[in-house]
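Remarks on the structure that follows.
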4 protein chains.
Amino acid sequence: MSTDTKKLKILDSATQVFAEKGFLYATMAEIAKNAGISTGLTYSYFKNKLDILLSIVLGFLQHINLKNTEKLESASDPVEKIYAVFHNFEDLLLKDEKTLCLIKVLNEGLPHLVMINDQDLLEKRLNIIKENRKLIKTMDLIITEGQKKGVFDKTLSPSVIRQVLCGSIERVIYGLFFSYFSKEDIGYKKEDAGKAIELLINKFIKK
Amino acid sequence: MSTDTKKLKILDSATQVFAEKGFLYATMAEIAKNAGISTGLTYSYFKNKLDILLSIVLGFLQHINLKNTEKLESASDPVEKIYAVFHNFEDLLLKDEKTLCLIKVLNEGLPHLVMINDQDLLEKRLNIIKENRKLIKTMDLIITEGQKKGVFDKTLSPSVIRQVLCGSIERVIYGLFFSYFSKEDIGYKKEDAGKAIELLINKFIKK
Amino acid sequence: MSTDTKKLKILDSATQVFAEKGFLYATMAEIAKNAGISTGLTYSYFKNKLDILLSIVLGFLQHINLKNTEKLESASDPVEKIYAVFHNFEDLLLKDEKTLCLIKVLNEGLPHLVMINDQDLLEKRLNIIKENRKLIKTMDLIITEGQKKGVFDKTLSPSVIRQVLCGSIERVIYGLFFSYFSKEDIGYKKEDAGKAIELLINKFIKK
Amino acid sequence: MSTDTKKLKILDSATQVFAEKGFLYATMAEIAKNAGISTGLTYSYFKNKLDILLSIVLGFLQHINLKNTEKLESASDPVEKIYAVFHNFEDLLLKDEKTLCLIKVLNEGLPHLVMINDQDLLEKRLNIIKENRKLIKTMDLIITEGQKKGVFDKTLSPSVIRQVLCGSIERVIYGLFFSYFSKEDIGYKKEDAGKAIELLINKFIKK
DNA sequence: CATGAATGAGAGTTCATTCAT
DNA sequence: AATGAATGAACTCTCATTCAT
């Protein structure tokens, strides 16, 4: 198994354990065991537990920013663009049960940024902030453009609209994650997540 | 100071500390000190640290359910009703900086429900689940009623619509909380939270 | 038991354990147990294991510098003064079996100064360096004065003479410590330590 | 590279690292890297980390005992003999910066003897004790002889005199080592070490 | 012979929780 | 009722040592 493969194994394992138990209750021993390696080896790949959490968050942000850059190249009008961005969210988070776990980890991970003292993690922290800002900026620019072109509603500022969109998609996906873990019915299915965003764009954002 | 006053002091203090540091990094010593009492005394009022977290969450849920019951008595049509519910959210969370902290604690608190083993907390856990279900049911019934009466869009199931509404309001308020703590500008103000929900109801939910 | 008493208990216990096992093999659990308290409580009094070691070293240096200041006030000629300083060493280290252990800890402690990274211990480190410099300066000034007055041999520089004196007393006392622990005969007794220093001053240092 | 060459490389590397960091903070990985080999290979040549430390100490003791045997053959009177022994110390420790490191390692190494449990190292431990006793005996015999012949002062027992001599030379050399590493001036140079011992013999030991 | 990835025991350390005062 | 000193379980993390390659 190559170094990169093992790093991914750890991240995958941690994503699962963090999602199921929460960062607090997740132990390095369990993450390692779940990844099929020893506790000590984990520390060859990551500085510490927080580093793993941040790496998952950073990985997601980098991935989605990359996907956005790709997709937005070929998109021209704001409606098409905002669709593209949220389809990327769906593609990355709704792919399978494993990616579904990400929503919980992302939710839990970002607040931890505030508590980072470790010198070695400061760079990672800054990177996350940078990528997060990039993601936000991408969305806000599209919304601003749509408002300027007169295709988007102008009642609200782009930042509020973006929060509504992100909050909606996050909560809808979180419900699916919860349903997957608790085996409880939540009254909707994977397909409805996409439909919700579509409707949100069509009715809430468009003029 | 009466027993109830002291209990509230602890809950207030914990809300602040949990919001600022996160449940993991918050220590009982700090919560107690911040509440103006000794560490030991905290345990006369709450079983343990998790109990405090759950009490905050339960308190909020009970409060909002109570407010909903009150307000919904005098409301007749679904539009008015859904407005009422979300105005309650605003009233409870946007009152001042202190209540703003609740959004972070609620966000962090609910996932902890899964990890409760402590026999003494099981009842509290069930209570939270009960109140949460009640809140969800209240919203879903209004939406169902609106759809039946033909005033609400029927494309999506009530549960998805509710998730969109809740996710939106939560994220918009979370932004305000973040801005309050980090002193960073997020591009919108308190007033915009209400406006966002209003617009969401008018454009997204109504037919 | 008062706070200061307990702090002393820990330092005493650690001095014993460090002397017997060495810093590396000494565990916090053993130090605490030997002091009659729990592991955790140790951390209310000291930052960490290294802090304890440094505190012992610093305590000794402060003590001997204090004693020197006292004794040197009433001394006038360099011979008398250098006697005073080394009698202080004897008084502090040869008092009983407990103080004998100090010689081993001092020996082991000073080299650790180089490896201190911990921000919280930097101040203690600087204090140790300061007190150590003070002790050295005290001795060197006496020797310089003796040489100037023509009562001390001038072949060697004060710093070398001081190293010879310190090395001698340290090794002689170390021998006693070793004998105490191993129960082996080393060919001399406590009284000989003083005699050795006396002779060293009379024959080696005096003109 | 031959087996013996590699063994020496490891010992040299370890001497440096032990001197700089201390046994506790020195890692096998660094010792190996510094020796230009892999971590694992180190274990083909030495049982474990402690074995390396003991090997350095034993090597020094064997070397100095050998040199003493050589030099003492051609020496006849006690003064000449004691000179010879301490010139051997100088020759072995003051040769260059590398050998200077030995003084720190010897200082740190001997106390570790007490903590050896490992069956495989017991023999090495006994060897060190044997060689150490031999060295001590060599010095003590010379001093005894000098006292009997009436050329050495009889106030102190041979063992105390030997401790004074060893402590002095050790401390003087330690100062040079410290100065070499910290780049701080200590007020004397290599040449003064020899002068100090000479003077010590002439004034302190001789009648 | 040589590697260095992998192991896992065991240490330091934290802090929720208890309880003598 | 109130304190905060004291406990000790359980965590993270390190690194000497092993072993498949």
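Reminder, nothing fancy here: chain letters follow the sequence lines and each chain counts from 1. Remember, predicted model here, so these are calculated numbers, not experimental data. We use all heavy atoms of the structure for the numbers below, so side chains are in, but hydrogens, waters and symmetry mates are not.
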**Message:** Are D/E30 and D/K21 packed together at the side-chain level, in the sense that at least one heavy-atom pair is separated by less than 4.5 angstrom?
**Reply:** yes

**Fill in**
Stems with DNA chain E, 3 or more Watson-Crick or G-U pairs in a row (under 3.5 Å), are E:2-21 with F:2-21

**Asked** Whole-Å distance between F/dT3 P and B/I37 CD1?
**Response** 7 Å

**Request:** Measure the distance from NZ on B/K9 to C1' on F/dA1 and round it to the nearest whole Å.
**Result:** 17 Å

**Prompt:** For C/I10 and F/dT7, what is the distance between atoms CD1 and C1' respectively, to the nearest whole Å?
**Reply:** 14 Å

**Item:** Atom-to-atom span, CD of D/E30 to C1' of F/dT14 - whole angstrom
**Value:** 15 Å

**Request:** Enter the distance from D/Y45:OH to D/T3:OG1 here, rounded to the nearest 0.5 Å.
**Result:** 4.5 Å

**Message:** So if I define the base as every atom that isn't primed, P, OP1 or OP2, how would nucleotides 16-21 of chain F read as a B/S/- string at a heavy-atom cutoff under 4.0 Å?
**Reply:** SBB---

**Request:** With heavy atoms under 4.0 Å as the rule, sort A/Y45 into base, sugar-phosphate or nothing.
**Result:** sugar-phosphate

**Request:** Can you label the angle between the A/H112 ring and the B/Y25 ring as parallel, tilted or perpendicular, going by 30° and 60°?
**Result:** perpendicular

**Item:** Rounded distance in Å - CG (A/L53) to C1' (F/dT12)
**Value:** 15 Å

**Message:** Restricting to non-hydrogen atoms, name the atom on D/R125 and the atom on D/L113 that form the minimum distance, rounded to 0.1 Å.
**Reply:** NH1-O, 3.0 Å

**Request:** To the nearest Å, give me how far apart CG (C/D51) and P (E/dG12) are.
**Result:** 14 Å

**Item:** Point-to-point distance, once rounded to the nearest 0.5 Å, from OG1 of C/T5 to CD1 of C/I10
**Value:** 11.0 Å

**Message:** Rounded at 0.5 Å granularity, tell me how far CG in C/L126 sits from CG in C/L121.
**Reply:** 11.0 Å

